[in-house]
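Structure first, commentary second.
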Amino acid sequence: MITSTSNTRIRQLMQWNQKAKARREDKVFIVEGTKMFLEAPQSWIREVYLAESFYEKMPEAAAGKLDRCSYEVVKDSIFQKISDTQTPQGILSVLKQPEYVLSDLGLMRQSGHPLVIVIENIQDPGNLGTIIRTAEAAGATGVVMSPDTVDVYNPKTIRATMGSIYRVPFLYVDSLSDAIRHLKRNSIQIYAAHLKGDRSYHELNFTKGTAFLIGNEGNGLKEETAALANSYVKIPMEGRVESLNAAIASAVLMYEAHRQRLG
């Protein structure tokens, strides 16, 4: 049992939890909780850490999967130090970061009618995680992110995905403009969620290859990014509301595409 915060592994876990650079360098990320452990692809799991109290009263499903994993038991007070939550569930997993390419996101011409979310400079981890979770629920084929978007492996982002991080392909690109041009070359229509949109989302056809551009929470899309869209799309507002949260706007658009595709 690990009983000290001076333990090398404990110090490493704390660094991975706190620093995106450390996660990038080691190509790992951390998930917490029984659900996230059980849903994690077996091939992604590198290490598992259990609080002593969890180990003593372990759920049967977790025990079965742990038979195929390398794990360490940690004193409860030490587990509290490596957890990113106020009330830890007692199980923490270190996973390898997946690597995707554009073809994994269904973005090539031969992939049928992809539904893609293209994110520019989203900064709130909860927003990004919610967008990824909604993308899975609405049947989106992938998420493309600008390099200045918040770290997808931020613990808050991971929690907000509720497991969708395992099932929705995502990709950071060096140049969002180049990625959008690539989508257009593959017959994907680009729609920018924009306050200057002159057509409401329910007036447009999203049954073919579709990509929605979603901008920063406070500033929206950069002008040069929005200019690459085939069309601006607006979400009608009642009352004195001027805009919606980025994750909510994404959900409205994705579910309209989902509705249309169901026929």
Side-chain angles (χ1 to χ4, degrees), residues 16 20 23-24 27-48 59 61-62 64-66 68-69 84-85 89 91-108 110-119 122 124-146 149-173 179 183 188 206 209-212 214 246-262:
W16 283 335
R23 293 191 291 267
R24 284 195 300 271
K27 297 184 178 181
V28 299
F29 68 106
I30 290 176
V31 302
E32 291 192 51
T34 304
K35 177 181 183 295
M36 293 297 287
F37 168 66
L38 291 175
E39 292 186 7
Q42 188 71 39
S43 62
W44 292 19
I45 300 175
R46 284 183 41 170
E47 305 166 5
V48 181
K65 188 167 184 176
L66 279 169
R68 307 190 299 276
C69 302
D84 188 64
T85 63
Q89 293 184 38
I91 180 169
L92 178 152
S93 308
V94 180
L95 310 182
K96 72 174 185 179
Q97 296 182 4
E99 296 183 5
Y100 298 107
V101 295
L102 283 172
S103 58
D104 295 325
L105 279 66
L107 306 186
M108 311 306 284
Q110 63 269 28
S111 300
H113 303 304
L115 174 59
V116 186
I117 308 304
V118 181
I119 294 172
I122 291 291
D124 183 87
N127 275 342
L128 179 58
T130 300
I131 289 171
I132 292 173
R133 183 182 180 188
T134 307
E136 180 182 15
T141 52
V143 177
V144 176
M145 296 171 283
S146 65
T149 294
V150 66
D151 181 23
V152 72
Y153 298 114
N154 182 299
K156 293 181 176 63
T157 304
I158 296 297
R159 284 199 297 276
T161 71
M162 293 292 289
S164 294
I165 191 75
Y166 302 141
R167 298 177 290 272
V168 176
F170 54 86
L171 183 68
Y172 284 95
V173 292
L183 301 184
I188 296 174
F206 305 136
T210 297
F212 294 123
I214 305 295
I248 297 299
S250 300
V252 169
L253 297 175
M254 282 190 275
Y255 264 96
E256 174 60 17
H258 182 265
R259 183 193 69 79
Q260 292 183 14
R261 292 171 182 217
L262 287 176

Any pair counted as side chain to side chain donor-acceptor pair (under 3.5 Å), so long as it reaches residues 156-167, sequence neighbours left out: Glu39-Arg167, Asp84-Arg159, Glu136-Ser164, Glu136-Arg167
pair Glu99-Lys27: side-chain heavy atoms closer than 4.5 Å: yes
Pairwise distance CD1(Ile117) to OG1(Thr210) - rounded to 0.5 angstrom: 9.5 Å
Close side-chain approach of Leu183 to Val144, heavy-atom, < 4.5 Å: no
Spacing of CG belonging to Leu95 relative to CD belonging to Glu47, to within rounding of 0.5 Å: 10.0 Å
pair Trp16-Tyr153: side-chain heavy atoms closer than 4.5 Å: no
Ile158 CD1 to Ile30 CD1 distance, which is reported to the nearest 0.5 Å: 10.0 Å
Ile165 vs Met36 side-chain heavy atoms within contact, under 4.5 Å: yes
Worked verdict on Tyr255 versus Thr134 for side-chain contact (heavy atoms from CB on, under 4.5 Å): CA-CA 9 Å; Tyr255 264 96; Thr134 307; 4.0 Å; yes
Minimum-distance pair of heavy atoms, taken over all atoms of Lys65 and Leu38: NZ-O, 3.0 Å
From CA spacing to verdict: side-chain contact (heavy atoms from CB on, under 4.5 Å), Val152, Val143: CA-CA 11 Å; Val152 72; Val143 177; over 6 Å; no
Rounded distance (nearest 0.5 Å) linking atom CD1 of Ile248 with atom CD1 of Ile131: 9.5 Å
Heavy-atom side-chain proximity of Met145 to Leu128 below 4.5 angstrom: yes
Under the side-chain hydrogen bond (donor to acceptor under 3.5 Å, both in side chains) test, residues paired with Asp124 that sit two or more places apart: none
Neighbour count >12 (heavy atoms, 6.0 Å) for atom CD, Gln42: yes
Stepwise side-chain contact (heavy atoms from CB on, under 4.5 Å) check, Val101 with Leu171: CA-CA 7 Å; Val101 295; Leu171 183 68; 5.8 Å; no
Validation row: Ser250, Phe212 side chains within 4.5 angstrom (heavy atoms): no
